Structure formats: C-alpha cells, structure tokens
Amino acid sequence: MSPADPDEEGRGPRVSRRVFLGAAGAAGLVGATGGVALGTSLHGTDAPAPTPERIPFHGANQAGIATAFQHNLNFAAFDVTTEDSGELRDLLRAWTYAASRLCSGLPVGPVEGPPAAPPVDTGEAVGLPPSRLTVTFGFGPTLFERHGVDRFGLRRLRPEPLVDIPPMPGDALDPSRSGGDIGVQACADEPQVAFHVVRTLARMGRRVVAMRWSQVGFGRTSSAGHHDPTPRNLQGFKDGTNNIGIGDQALLARDVWVGAADSPAWMRGGTYQVVRRIRMFIETWDRSALREQQETIGRHKLSGAPLGGAQEFDAVNLNALGSDGKPVIPLDAHIRLAGPTVNEGVRILRRGYSFTEGIDARTGELDAGLFFVCFQRDPRRQFIPIQQRLASTDALNEYIMHEGSAIFAIPPGVATGHFVGEALFGSV
Ligand code: HEM
C-alpha cells in the first residue's frame with residue numbers, strides 16, 4: 001500500500017498516518033521500536049470496492065442503526081481512565097480511523113512487521129470478508145459528569161435526553177454489567193469480525209480506557225422491514241414484526257434521529273441508545289402451555305400473526321373481544337403494553353440479539369436471553385415510559401429479568417477525515 005493510505009472509499013488519506021500512529025502509539029498499539037509504519041505492505045489488501053458485504057462507515061448517521069441488521073453482535077462498554085481530555089480526543093480519532101478500515105475489511109496495520117515488536121493488527125480477521133461490519137460509538141452519562149465531577153469539561157454539553165434510566169419494578173441490575181462512559185457496538189455477519197473490532201479497540205485504548213463489560217450476541221432479534229424475514233428469539237416467537245423499518249425515513253426522522261432543531265447541536269443526526277441484558281427463564285417458559293405463551297406475547301407462535309389475525313403483518317386489533325367477552329389480546333399482553341396505541345403513539349427502533357453464556361451456577365439453569373438494544377430520539381418519551389409500563393404489568397415478567405442496563409448518546413455520522421464526537425470535543 002502506498003503512503004497515501006486510502007480510506008474505505010478509495011480516496012486519498014484524510015487522517016494522516018502520523019495522527020493515527022500518534023494516538024495509537026500513545027495508547028500502546030505501537031511497539032517499543034517507536035512505531036510500525038502503517039504504509040508498509042498490508043499484503044495486497046488495497047481499499048476494496050463497495051460490495052453487498054460492506055456497509056460504508058462514513059455518512060450522515062452512524063451505521064449500525066438504520067442499516068441492514070447483521071447476524072452477530074459484540075458490544076463493549078468502556079470507562080475512561082485518563083483525566084486528560086486531549087488523550088481521549090486522540091483515542092477517538094484513532095478509533096474512528098481504525099473502525100473505518102475494519103469496516104472495509106482492512107487490518108488496522110501490518111500483521112507482520114519487525115520480529116521484535118508485536119504485530120499492529122492481531123490478524124484474526126485476515127482473509128474474512130467485511131461481513132457487513134458496522135461499528136457504532138456512543139457516550140454514556142458518566143462521560144459528562146461522574147459523582148458530581150465535570151471530568152472533561154463536558155458537563156454543560158450533556159444532552160437533556162441522556163438521563164440516567166430510573167429504577168424499574170423487578171430490576172435486578174448488576175453494576176458490573178451496566179453503565180459505561182463509552183459504548184461500542186460492533187455488528188457483523190461473521191462473529192470473529194465483530195470480536196476483532198472490540199479486541200482491537202480495547203488494545204488501542206490501553207492506558208486511556210478500560211473495558212467495563214461486554215456482551216456477545218447472535219441471531220438478531222429484529223427485522224429491518226417487511227422485505228426482511230422476521231427472525232425468532234429464544235422463546236421461539238418472531239421478534240421484530242412491528243418494528244420501525246430501516247427504509248421508513250418518515251418514522252426514522254420522527255422517532256429515531258435527533259432533528260435539525262433539537263438540542264444540543266452536536267447531537268443532530270444522532271440518536272440515543274438503550275441496552276438491557278434481559279435474562280429469560282427458558283426452563284419455566286418451556287413448561288408453559290402454548291396458549292399461555294401466545295397470550296403472554298399477544299401473537300401466534302408459528303405464524304407471528306396477532307391474536308385474532310391470520311397473517312404476521314395483519315393489523316393488531318386491541319379492541320377485539322372473544323366469545324367469552326374478554327379481550328382477544330389480553331390486557332397484560334406484551335404487544336398491547338409495548339405498542340404505540342397505549343404509549344402516546346411513540347415507537348422505538350429495536351435491534352437486539354439473543355445471547356447464551358452457559359449455565360447459571362446458582363440455579364443450574366441456562367444463562368440465556370435477549371440483549372435488548374433500541375434507538376430513539378428521546379428516551380424520556382420513548383424507552384423509559386414504555387419500560388415503566390412493561391415492568392409493572394407485562395405478562396412476560398414471569399419469564400424474564402433485567403440484569404444489565406446502559407444508555408448512550410450516539411453522535412451523528414462521521415465525514416471522511418473527521419472523527420466520531422468531533423463536534424462535542426471541538427466545543428471544549
Ligand atoms: C426478553 C424480553 C422481551 C421479549 C422476549 C420480547 C418479545 C417481543 C415479541 C415476540 C414481540 C412481537 C413481535 C414484534 O412486533 O416484534 C415484541 C414486540 C415489541 N416489543 Fe418486545 N420483547 C422483550 C422486551 C421488550 C422491551 C424491554 C421493550 C421496550 C421497553 C419491548 C418493546 C417492544 C415493542 C415496542 C414491540 C412492538 C409492539 C407493537 O407495536 O406491536 N420489548 N416483543
């Protein structure tokens with residue numbers, strides 16, 4: 001590769017090698033020899049042409065939100081350990097550049113270099129396709145203020161919608177699976193590609209950030225629109241039927257993207273992400289009768305049709321009464337309580353993944369469930385009131401438990417040559 005390191009669109013360099021290596025070097029990525037030149041051979045991995053395998057990293061909005069849903073997730077929450085906002089800014093610049101390369105299927109640097117230094121790229125994604133990789137960055141409330149301390153001079157720039165999520169009935173939140181200063185969501189069809197992102201960013205961030213928790217997910221639990229077959233969650237139900245379609249620009253503009261007149265200005269084109277690690281009591285669910293499962297959700301298991309309907313995408317009729325005079329979709333059914341009819345019309349974009357992590361040693365039961373991920377324009381009007389309603393009356397509560405929780409402000413997308421959150425850090 002020439003010294004003119006191409007970006008993933010194949011144009012010339014916008015982030016200089018010096019900047020990348022400077023930040024990466026500060027973060028410990030570059031070996032003791034003082035640096036492995038990024039411009040040396042990457043073994044023929046020139047900037048690839050766009051393909052269906054590749055989702056562009058750059059754009060008005062960050063990818064990984066209203067872009068095609070991939071099959072695997074690797075999510076990491078980091079705490080910032082430095083007190084120097086300059087170091088943090090340099091790391092974000094280096095992370096942005098690294099993410100743009102990874103999304104193109106390029107290594108972050110040579111996988112072979114001086115024998116006495118660790119390779120810049122760890123190599124496990126070499127030879128794998130870009131796998132529709134997306135890397136989405138977000139900022140948690142504690143980045144703006146922690147224990148009353150304005151750590152990086154960002155307090156006055158904290159968005160009002162970036163609230164701490166209030167405690168909900170039934171919460172069993174584990175602090176070691178919750179919160180975080182920075183969230184990184186890596187999604188790809190190939191799990192090793194998503195893993196490579198989190199590993200690489202953590203490695204680059206040494207001495208500036210520390211990983212607080214991470215979550216691996218598989219089998220996306222949301223569809224991206226009616227053209228996309230709806231996947232099933234671990235309860236065996238189609239999940240994502242009544243989701244916001246990623247092609248529905250009007251709904252995305254209304255309910256997901258921070259608008260041109262919204263404050264703060266640095267968030268325009270961004271969104272807010274809420275993640276919840278929700279454990280499913282699979283064994284209890286598997287012992288419950290089909291009728292009970294369907295009435296819990298409010299839909300038929302196999303077809304995904306709403307109770308009272310015949311096809312998956314039939315309209316949900318919350319007013320229909322059965323021959324016994326009772327609502328066909330019970331008053332505590334999940335889709336009644338989560339849907340827009342009872343929630344003042346608001347909707348959220350769901351983008352969750354299933355997880356399984358062996359056995360819960362305390363109970364001998366499967367540690368499995370839903371890593372719930374949603375995006376919205378204002379969590380105070382969207383996730384929080386919906387979840388308050390669900391937490392107090394949803395029939396599903398008998399079968400689930402919320403164990404982890406985090407919220408992140410997702411800044412807008414990045415133009416070539418810029419870095420994620422630049423408008424925020426440019427204001428301090
Ligand atoms: C383990 C926990 C959960 C499971 C198993 C689950 C499962 C489901 C299923 C099977 C559907 C019906 C298909 C669909 O329209 O997507 C659904 C719908 C929905 N869920 Fe969940 N869900 C869970 C947690 C949540 C949470 C925490 C929220 C938000 C706070 C939520 C919000 C929604 C919404 C908004 C809908 C669409 C309702 C409609 O408009 O018809 N879900 N969920």
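Read the numbers this way: they start at 1 and go in the same order the structure lists the ligands and their atoms. Worth saying up front: this structure is predicted, and the values here are computed from it rather than measured. Along the sequence shown, residues are numbered consecutively beginning with 1.
Across all their heavy atoms, Val420 and Pro411 have their closest contact at CG2-CG, 3.9 Å.
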Less than 3.5 Å apart, N/O on ligand 1 and N/O on the protein: could you list those pairs with the distances?
unit_1	atom_1	unit_2	atom_2	d
ligand 1	15 (O)	Asn242	N	2.8
ligand 1	16 (O)	Gly240	N	2.6
ligand 1	16 (O)	Thr241	N	3.1
ligand 1	16 (O)	Arg350	NH1	2.9
ligand 1	16 (O)	Arg350	NH2	2.9
ligand 1	20 (N)	His334	NE2	2.9
ligand 1	20 (N)	Arg350	NH1	3.4
ligand 1	22 (N)	His334	NE2	2.9
ligand 1	41 (O)	Asn242	ND2	3.0
ligand 1	42 (N)	His334	NE2	3.0
ligand 1	43 (N)	His334	NE2	2.9

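The closest side-chain heavy-atom distance from His71 to Phe218 is not below 4.5 Å.
In this structure, the side-chain contact (heavy atoms from CB on, under 4.5 Å) partners of Glu295, at least two apart in sequence or on a different chain, are Arg291, Leu307, Pro330.
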Please tabulate, for side-chain N and O atoms in residues 140-149, each donor-acceptor pair with protein atoms closer than 3.5 Å (sequence neighbours left out).
unit_1	atom_1	unit_2	atom_2	d
Thr142	OG1	Asp181	OD1	2.5
Glu145	OE2	Arg155	NH1	3.3

Residues 390-398 side chain polar contacts: donor-acceptor under 3.5 Å, at least two apart:
unit_1	atom_1	unit_2	atom_2	d
Ser392	OG	Gln388	O	3.0
Ser392	OG	Arg389	O	3.2
Thr393	OG1	Arg389	O	2.9
Asp394	OD1	Leu396	N	3.1
Asp394	OD2	His334	ND1	2.7
Asn397	ND2	Leu390	O	2.9
Asn397	ND2	Ala391	O	3.2
Asn397	ND2	Asp394	O	3.2

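Ring to ring, Phe375 and Trp257 are not that close: their centroids are 6.0 angstrom or more apart.
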